[in-house]
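Below is the structure I would like to discuss, written out as structure tokens.
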Amino acid sequence: MLQLFRLTAILEGVSYILLFGLSMPLKYAAQILEPNKYIGYAHGFLFIAYVLLAIIIWYQKKWSLKKGFILLVASLLPFATFYVEKKYLKSS
């Protein structure tokens with residue numbers, strides 16, 4: 001389960017970067033809508049999967065409230081899921 005969460009954390013971070021670094025500029029600057037639709041769907045799915053897996057892992061590992069909070073907040077910040085994967089998930 002931890003390996004799945006690590007993979008999801010990385011993919012969620014990549015999808016976040018693609019959404020706001022590539023597809024949103026294409027949508028608003030060049031009126032190219034297609035990439036935003038598909039990257040948006042993928043990011044939405046990965047975001048939900050990340051949050052659900054974070055809660056499951058948090059519960060299974062009996063981590064502190066602080067660590068659980070960090071896992072959840074990381075889903076909202078660019079690059080933070082990469083940090084969580086490296087700092088908290090690789091060593092677990």
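If you're wondering where the values come from, they're calculated on a predicted model, not measured in any experiment.
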field: Heavy-atom side-chain contact between Trp58 and Ile70 under 4.5 Å
entry: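 In short, these two side chains do not touch, never coming nearer than 4.5 Å.
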- request: Answer yes if Phe45 and Met1 sit in the same cluster of Ile, Leu, Val, Met, Phe, Trp and Tyr residues linked by side chain heavy atoms under 4.5 Å apart, and no otherwise.
  value: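 No; tracing contacts between hydrophobic side chains, which count when under 4.5 Å, never links both residues.
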task: Kindly compute the distance separating CZ (Phe20) from NE2 (His43), expressed to the nearest 0.5 Å.
output: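 It comes to 6.0 Å.
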task: Determine, using the 4.5 Å side-chain heavy-atom cutoff (strictly less than), whether Leu71 and Leu2 are members of one ILVMFWY cluster.
output: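 Linked within one cluster.
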task: Taking all heavy atoms of Ala9 and all of Glu85, pick out the closest pair and write down the distance.
output: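 Smallest interatomic distance, heavy atoms only, reads CB-CB, 4.3 Å.
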task: State, to 0.1 Å, how close Ser15 and Ile39 come at their nearest heavy-atom pair, and which atoms those are.
output: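 Closest heavy-atom pair between Ser15 and Ile39: O-CG2, 4.1 Å.
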4.5 Å side-chain heavy-atom contact, Gln60 and Ile56: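 Counting from C-beta outward, Gln60 and Ile56 do come under 4.5 Å.
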query: Going only through I, L, V, M, F, W and Y residues with side-chain contacts under 4.5 Å, is there a path from Tyr59 to Ile57?
result: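 No, no single cluster joins them.
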- prompt: Considering all heavy atoms of both residues, which atom of Phe79 and which atom of Ile17 are nearest to each other, and what is their separation?
  reply: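 Nearest pair, atom of Phe79 first, then Ile17: CE2-CD1, 3.3 Å.
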message: Using the rule that Ile, Leu, Val, Met, Phe, Trp and Tyr join whenever any side-chain heavy atoms are under 4.5 Å apart, tell me whether Ile10 and Tyr83 fall into a single cluster.
response: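 Ile10 does not cluster with Tyr83.
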- prompt: NZ of Lys27 to CD of Glu34: how many Å apart, nearest 0.5 Å?
  reply: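 Here the interatomic distance stands at 11.5 Å.
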query: Taking all non-hydrogen atoms of both residues, which atom of Leu11 and which atom of Leu46 are closest, and how far apart?
result: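 Minimum heavy-atom separation between Leu11 and Leu46: O-CD1, 3.6 Å.
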field: Spacing of Leu26 atom CG and Leu33 atom CG [to the nearest 0.5 Å]
entry: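 The CG atom of Leu26 sits 10.0 Å away from the CG atom of Leu33.
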- prompt: Rounded to the nearest 0.5 Å, how far apart are CG of Leu89 and CZ of Phe82?
  reply: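 If I round to the nearest 0.5 Å, the distance is 13.0 Å.
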- request: Flag yes if Leu7 and Leu72 sit in one hydrophobic cluster, no otherwise; membership is Ile, Leu, Val, Met, Phe, Trp, Tyr, and two members link when side-chain heavy atoms are under 4.5 Å apart.
  value: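 Cluster IDs for Leu7 and Leu72 differ.
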field: Rounded distance (nearest 0.5 Å) linking atom CH2 of Trp63 with atom OH of Tyr88
entry: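 Taking CH2 in Trp63 and OH in Tyr88, the distance rounds to 9.5 Å.
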message: For the CD atom of Glu12 and the CD1 atom of Ile48, what is their distance to the nearest 0.5 Å?
response: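 Taking CD in Glu12 and CD1 in Ile48, the distance rounds to 10.5 Å.
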task: For residues Leu76 and Tyr16, report the shortest heavy-atom separation together with the two atoms involved.
output: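 Shortest heavy-atom separation between Leu76 and Tyr16 comes out as O-OH, 3.0 Å.
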query: Can you name the closest pair of heavy atoms from Ser23 and Asn36 and give their distance?
result: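 What the structure gives for the nearest pair is OG-ND2, 3.3 Å.
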field: Minimum side-chain heavy-atom gap Val14-Thr81 below 4.5 Å
entry: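 No; the side chains remain at least 4.5 Å from each other.
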